[in-house]
Amino acid sequence: MASNARAATVAEGLRRVTGGLRRRFREQSCIGELSWAQFSMLSRLEREGPSTVTTLARAEGMRPQSMGASISALEELGHVQASPDPKDGRQTLWSVTPKCRALVQAARAAKQDWLVTTIQKKFSQSEQDDLAQAMQLLERLADGGRR
């Protein structure tokens, strides 16, 4: 039973810490007129490349109709562009525009800069080593414990 209580305590702490980090990252990113859901979708497109509305909706946990509305709004803002799928001309692939790619990369760089600076200023070398070791465990956790 003690093992279950310990796991529950660690899980609660991880949830709280990841929520805090997410809030800090949001503070560091300037995403302009975009919602966080829109930015998440654009970030995925920038990272993974062109996608159909259906595939993108599945990846973002949305209904295709809702994703279609989001894509339309983002197209009006000049953040995404459509092209025919070379493998299936009936499908449309959506990708980020160069303007959007720059926005996503700038937001990612701002988060990275904040994180590097904070780690360097707030943590000793020994603590930085501890963080590096903890990363291996967190990566395994994020991977579903498969490694």
Side-chain angles (χ1 to χ4, degrees), residues 3-4 6-123 128-147:
S3 176
N4 288 343
R6 175 76 171 144
T9 300
V10 170
E12 165 63 19
L14 279 169
R15 189 186 55 72
R16 193 176 57 254
V17 167
T18 55
L21 280 171
R22 228 181 359 258
R23 282 187 296 281
R24 290 287 189 170
F25 285 154
R26 286 180 179 176
E27 290 170 6
Q28 301 306 313
S29 301
C30 62
I31 60 170
E33 73 274 10
L34 300 174
S35 72
W36 282 102
Q38 289 173 319
F39 185 76
S40 171
M41 189 262 300
L42 290 171
S43 184
R44 179 181 302 277
L45 274 176
E46 191 274 334
R47 196 176 49 251
E48 296 177 5
S51 179
T52 64
V53 166
T54 303
T55 302
L56 196 53
R58 192 176 309 116
E60 291 290 317
M62 296 174 68
R63 293 186 353 255
Q65 296 85 346
S66 299
M67 181 58 73
S70 291
I71 286 285
S72 292
L74 292 168
E75 183 179 28
E76 285 181 30
L77 292 170
H79 291 303
V80 294
Q81 58 196 9
S83 62
D85 185 335
K87 296 178 186 168
D88 181 353
R90 298 168 297 170
Q91 296 280 345
T92 299
L93 291 177
W94 291 92
S95 58
V96 295
T97 62
K99 166 188 163 182
C100 181
R101 185 174 309 283
L103 174 74
V104 170
Q105 290 173 348
R108 193 176 290 138
K111 291 185 277 190
Q112 179 73 7
D113 289 346
W114 172 80
L115 200 48
V116 168
T117 300
T118 302
I119 289 170
Q120 288 173 335
K121 286 183 178 178
K122 305 278 184 180
F123 294 91
Q128 289 180 40
D129 293 342
D130 290 344
L131 282 173
Q133 285 186 313
M135 281 304 305
Q136 293 174 352
L137 297 175
L138 291 171
E139 286 172 356
R140 199 167 101 205
L141 180 65
D143 212 22
R146 286 179 247 170
R147 289 190 243 163

Could you give me the CA-CA distance, side-chain angles and deciding distance for S70 and M62, then say whether side-chain contact (heavy atoms from CB on, under 4.5 Å) is met? CA-CA 10 Å; S70 291; M62 296 174 68; 3.8 Å; yes
Ignoring hydrogens and angles, tell me if any N or O in the side chain of K111 forms a donor-acceptor pair with the backbone of E27 under 3.5 Å.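 Checked: no pair found.
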Checking T55 side chain against S51 main chain: does a donor-acceptor pair fall under 3.5 Å? no
Is any side-chain heavy atom of [X] closer than 4.5 Å to a side-chain heavy atom of [Y]?
X: T52; Y: T92; answer: no
X: L141; Y: L14; answer: yes
X: F123; Y: D130; answer: no
X: M41; Y: L74; answer: yes
X: L34; Y: H79; answer: yes
X: S66; Y: R63; answer: yes

For L137, give me all partners under side chain to side chain contact (heavy atoms under 4.5 Å, CB included), at least two apart in sequence or on another chain. R140
Holding to side chain to side chain contact (heavy atoms under 4.5 Å, CB included), I want the full list of residues that pass it with A59, two or more places apart in sequence or in another chain.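 A59: side chain to side chain contact (heavy atoms under 4.5 Å, CB included) contacts with R44.
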Salt bridge (Lys or Arg N to Asp or Glu O under 4.0 Å) between D85 and K87, worked out: CA-CA 5 Å; D85 185 335; K87 296 178 186 168; over 6 Å; no
For I71 and M67, what are the C-alpha separation, side-chain angles and deciding distance, and is it a side-chain contact (heavy atoms from CB on, under 4.5 Å)? CA-CA 6 Å; I71 286 285; M67 181 58 73; 4.2 Å; yes
Output the distance between atom [atom1] ([X]) and atom [atom2] ([Y]), rounded to the nearest 0.5 Å.
X: F25; Y: Q112; atom1: CZ; atom2: CD; value: 8.0 Å
X: Q91; Y: S83; atom1: CD; atom2: OG; value: 11.5 Å
X: R101; Y: T97; atom1: CZ; atom2: OG1; value: 8.5 Å
X: S72; Y: L77; atom1: OG; atom2: CG; value: 11.0 Å

For a quick check under 3.5 Å, do [X] and [Y] share a side-chain donor-acceptor pair by atom type?
X: S40; Y: W36; value: no
X: E75; Y: Q81; value: no
X: S43; Y: R47; value: yes

Identified side chain to side chain contact (heavy atoms under 4.5 Å, CB included) partner of L56 from the options L45, V80, L93: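 Considering L45, V80, L93, a side chain to side chain contact (heavy atoms under 4.5 Å, CB included) with L56 is found only for L45.
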